[in-house]
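Everything below concerns the one structure shown next.
As the structure is a prediction and not an experimental result, all values here were calculated from the model. The chains referred to below are lettered A, B, ... by the order of the sequence lines, with proteins before strands, and numbering in each begins at 1.
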Amino acid sequence: MAKKLLLLGDEAIALGALDAGLSGIYAYPGTPSTEITEYVQHSKAAKEKNIHCTWSTNEKTAMEAALGMSYAGKRAMVCMKHVGLNVAADPFINSAITGANGGLIVVSADDPSMHSSQNEQDSRFYGKFALVPIFEPSSQQEAYDMVHYGFNFSEKYKTPVLLRITTRMAHSRSGVVRIECRDQNPLQMPGDLRQFVLLPGIAKKRYKNLLNTQMHFIEESENSPFNSYTDGPDKSMGILVSGIALNYLMENFPDRKVPYPVLKIGQYPMPRKLVEKLFAECGEVLILEDGYPMIEELIRGYIPGGKKIRGRFDGTIPRTGELNPNILAVALGLTDTKGLPVPDLVVNRPPQLCSGCPHIDSYKALNEVLAALPKGRVFSDIGCYTLGALAPYEAINSCVDMGASITMAKGAADAGLIPSVAVIGDSTFTHSGITGLLDAVNDKSPVTVLILDNATTAMTGGQDSAGTGRLEDICKALGVEENHIRVIKPLKKYHEENVKIIQEELDYHGVSVIIPRRECIVAIDKRMRQKFK
Amino acid sequence: MKKDIILAGVGGQGIISIASIIGYAALQEKMFLKQSEVHGMSQRGGDVMSNLRISHDEIASDLIPYGQADLIISVEPLESLRYLGYLSPEQGWLVTNTTPFNNIPNYPDLGNVMAEINKLPRHIALDADTLAKEAGSAKSANIVILGAASPFLGLGYEKFEDAIRFIFRTKGDEVIEKNLAALKLGREFADRNI
Ligand SMILES: Cc1ncc(C[n+]2csc(CCOP(=O)(O)OP(=O)(O)O)c2C)c(N)n1
Ligand code: SF4
């Protein structure tokens with residue numbers, strides 16, 4: 001028997017890519033996708049083969065760099081969490097029109113139940129919107145296999161493909177068997193040097209071409225090893241199941257024999273003939289998918305009538321949140337299982353800033369200055385410092401999407417909320433705060449921006465931060481006046497001084513930037529451990 | 001043989017090491033394994049849990065259904081109660097540390113927490129932090145807990161010793177010996193209290 005490796009879904013994808021001749025992985029960190037890139041970064045083989053694996057500044061730059069590598073004929077992968085695909089949406093949608101040259105896989109990791117995200121958006125809609133094939137693994141082994149398959153598919157049809165995973169797949173470990181490794185592609189220019197020039201004349205042709213290819217994509221889905229129809233004796237119901245939901249279905253049948261016909265989906269667009277067969281043969285159809293009811297919506301259409309369809313829309317499955325074996329048991333009419341009651345005394349234990357975290361001292365100083373003003377003027381962003389929303393700090397009033405702190409503060413200042421404050425982490429600032437700061441500078445908006453520089457991307461586990469060592473220069477270059485760029489050290493002993501500086505800048509009617517600078521203590525710890533290893 | 005295990009604790013308490021050791025031991029026995037964790041937000045002093053399933057037959061779901069876990073292994077007493085919904089009412093065991101990790105203002109009275117634990121028909125509760133110090137390694141409370149859980153995992157005790165030698169192989173003999181001592185103290189406590 002071939003040797004089994006115990007891998008996280010993320011690691012299986014990374015290893016699959018390395019084995020399939022990857023030349024570069026591009027990504028910005030984001031739970032639960034981060035470990036894909038980190039696996040490549042820690043891989044000796046990747047180092048020997050000189051595979052690109054440093055972090056990108058954001059998901060858009062990552063997507064574009066991967067497209068460039070594909071242009072040059074090599075295999076590229078780009079990875080992000082689901083909301084990252086919003087940031088990368090422009091190049092992603094357009095890459096479907098340009099098409100690929102070297103194999104191009106876009107991995108987007110969804111987070112149903114929002115374990116560590118702002119929303120539970122379903123990336124499959126993006127795949128469908130862009131008209132590209134989507135792969136959705138039901139096991140770590142499939143995740144590995146789909147990368148090989150996906151690269152070949154991408155090169156066969158010259159199209160990017162989307163690999164959609166969820167938190168459970170990304171962060172669950174299981175056995176994976178490798179297949180034969182393949183060399184990297186040589187540098188090879190696109191056959192048509194205007195393929196990537198989306199001037200209207202060319203884009204129109206390429207879009208038609210993409211539309212014409214859809215029927216081939218459907219045909220491929222009908223014959224895909226990842227889509228399968230398994231017959232069952234009881235035709236009163238058929239089950240249409242996608243991705244990891246398959247495992248929860250099987251869990252409910254200890255002998256793994258489902259009495260109903262089951263159509264399992266791992267590759268989109270939907271395999272039309274198989275769907276028609278399921279509907280022709282079964283009384284009603286239960287649809288099981290983790291994430292939004294995308295398949296269900298597609299099949300229900302607008303017109304009522306026809307076969308009975310059961311799923312998230314009719315309440316058979318809860319409308320939101322991650323699936324699990326118990327939800328499926330209820331949907332299948334089986335007996336639900338229950339454990340012991342949880343005693344009432346069990347209280348929540350929310351995550352919190354580490355004791356000694358530099359953000360604590362920044363918030364304490366900021367809170368002291370703002371105490372004199374009516375509440376509600378601090379726009380923040382996404383990172384460890386978002387935990388400043390909770391007690392005892394209760395220091396911030398917004399967290400929407402990366403970069404929104406500066407721009408929302410500017411908009412509020414435009415509306416007359418003066419002073420208005422933005423609080424943004426260093427990595428978030430370079431991800432998508434810079435352009436907003438330029439807007440504020442151009443409008444001379446009265447905003448005070450705190451760039452919390454802890455020299456790392458802490459929230460996602462301490463990755464390099466793109467602007468470390470250059471934040472003042474970046475602000476200066478954007479036009480922030482030099483005497484309104486203030487660096488402070490967030491430590492208790494400098495509290496009075498820090499309060500004074502923040503006060504001065506709040507009083508200034510224009511753009512000021514305050515940079516509280518002190519390294520994340522977890523990052524220091526990690527650095528020390530590596531040094532003395 | 002099939003064991004469904006919930007591992008519980010607070011971010012940074014080492015439940016992933018427990019999972020790795022059990023996982024390694026199970027793989028040596030040619031068992032199938034699925035282990036599911038949640039990373040990210042939850043790591044900053046928040047509650048963390050992991051589903052660990054080992055079985056001689058192929059495993060379907062990454063998640064353990066409610067009421068089906070054979071075992072809850074917890075490195076913290078309050079956390080041990082959080083996941084009772086997963087524990088099998090008929091045969092589930094709870095193995096927990098009694099040393100609280102108190103990082104919230106409203107941590108319930110420890111006496112009441114212990115009273116809830118003691119209500120369970122099958123449980124082992126031990127002061128793993130003190131035993132770990134006895135073993136010479138204050139950081140090994142998680143391994144003490146693993147030792148106390150080892151009688152319920154369906155694998156020979158020496159399999160866990162082998163796994164510790166493997167998992168800590170890069171850390172030197174001293175670390176290995178201390179962890180083996182921690183494992184033993186946990187096991188002896190369980191043997192006395194089953
Ligand atoms: C578009 C998008 N990409 C990625 C993430 C994941 N993410 C959340 S916070 C964060 C990093 C924040 O780093 P930084 O701004 O330096 O703050 P720190 O956590 O270090 O305090 C990342 C990558 C996200 N929420 N949205
Ligand atoms: S990881 Fe670093 S930045 Fe995040 S809370 Fe801890 S010390 Fe602060």
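No side-chain N or O of A:S108 forms a donor-acceptor pair with one of A:R164 less than 3.5 Å apart. Defined by atom type and a distance below 3.5 Å, a donor-acceptor pair is present between the side-chain atoms of A:D111 and A:S117. B:T99 and B:D127 share a donor-acceptor pair across their side chains, judged by distance under 3.5 Å alone. Using modelled atom types, one finds a donor on one side chain and an acceptor on the other under 3.5 Å when comparing A:Y28 with A:S427.
Note on B:L27, B:L84, B:L87: by heavy-atom pairs under 4.5 Å with chain A, the leading option is B:L84. For the options B:D62, B:V113, B:N112, heavy-atom pairs under 4.5 Å to chain A are most numerous at B:D62. Put simply, of A:P32, A:S139, A:P350, A:A170, the one with the most heavy-atom pairs under 4.5 Å next to chain B is A:P350. If you tally non-hydrogen atom pairs under 4.5 Å between each of A:K338, A:M169, A:M250 and chain B, the highest count goes to A:K338. Comparing B:P108, B:G85, B:S50, B:A69 by how many heavy-atom pairs each has under 4.5 Å with chain A, the most go to B:G85. By number of non-hydrogen pairs under 4.5 angstrom with chain B, the leading residue of A:L249, A:V347, A:I327 is A:V347.
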Check your understanding: What do the steps show when you test B:N103 against A:R349 for side-chain contact (heavy atoms from CB on, under 4.5 Å), and what is the final call?
Key -> CA-CA 8 Å; B:N103 64 344; A:R349 195 192 296 263; 2.9 Å; yes
**Study point:** salt bridge (Lys or Arg N to Asp or Glu O under 4.0 Å) assessment of B:K159 paired with B:D162
**Key:** CA-CA 5 Å; B:K159 305 287 179 218; B:D162 292 346; 5.5 Å; no
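Residue contact with chain B, scored on non-hydrogen atoms closer than 4.5 Å, is absent for A:L7. Residue B:E58 touches chain A through its backbone alone, counting heavy-atom pairs closer than 4.5 Å. Only the side chain of B:F32 comes within less than 4.5 Å of a heavy atom in chain A; its backbone stays farther off. Using a 4.5 Å cut-off between heavy atoms, B:L120 touches chain A through its side chain atoms alone. When heavy atoms are compared at a cutoff of 4.5 Å, A:L328 does not approach chain B at all. In this structure, chain B has heavy atoms under 4.5 Å from both the backbone and the side chain of A:N348.
Two residues are said to be in side-chain contact when any heavy atoms from C-beta on lie closer than 4.5 Å; B:H123 and B:T96 fail this criterion.
Cation-pi geometry between A:R256 and A:F253 is not met: the NZ or CZ atom fails to fall both under 6.0 Å from the ring centre and inside 45° of the normal.
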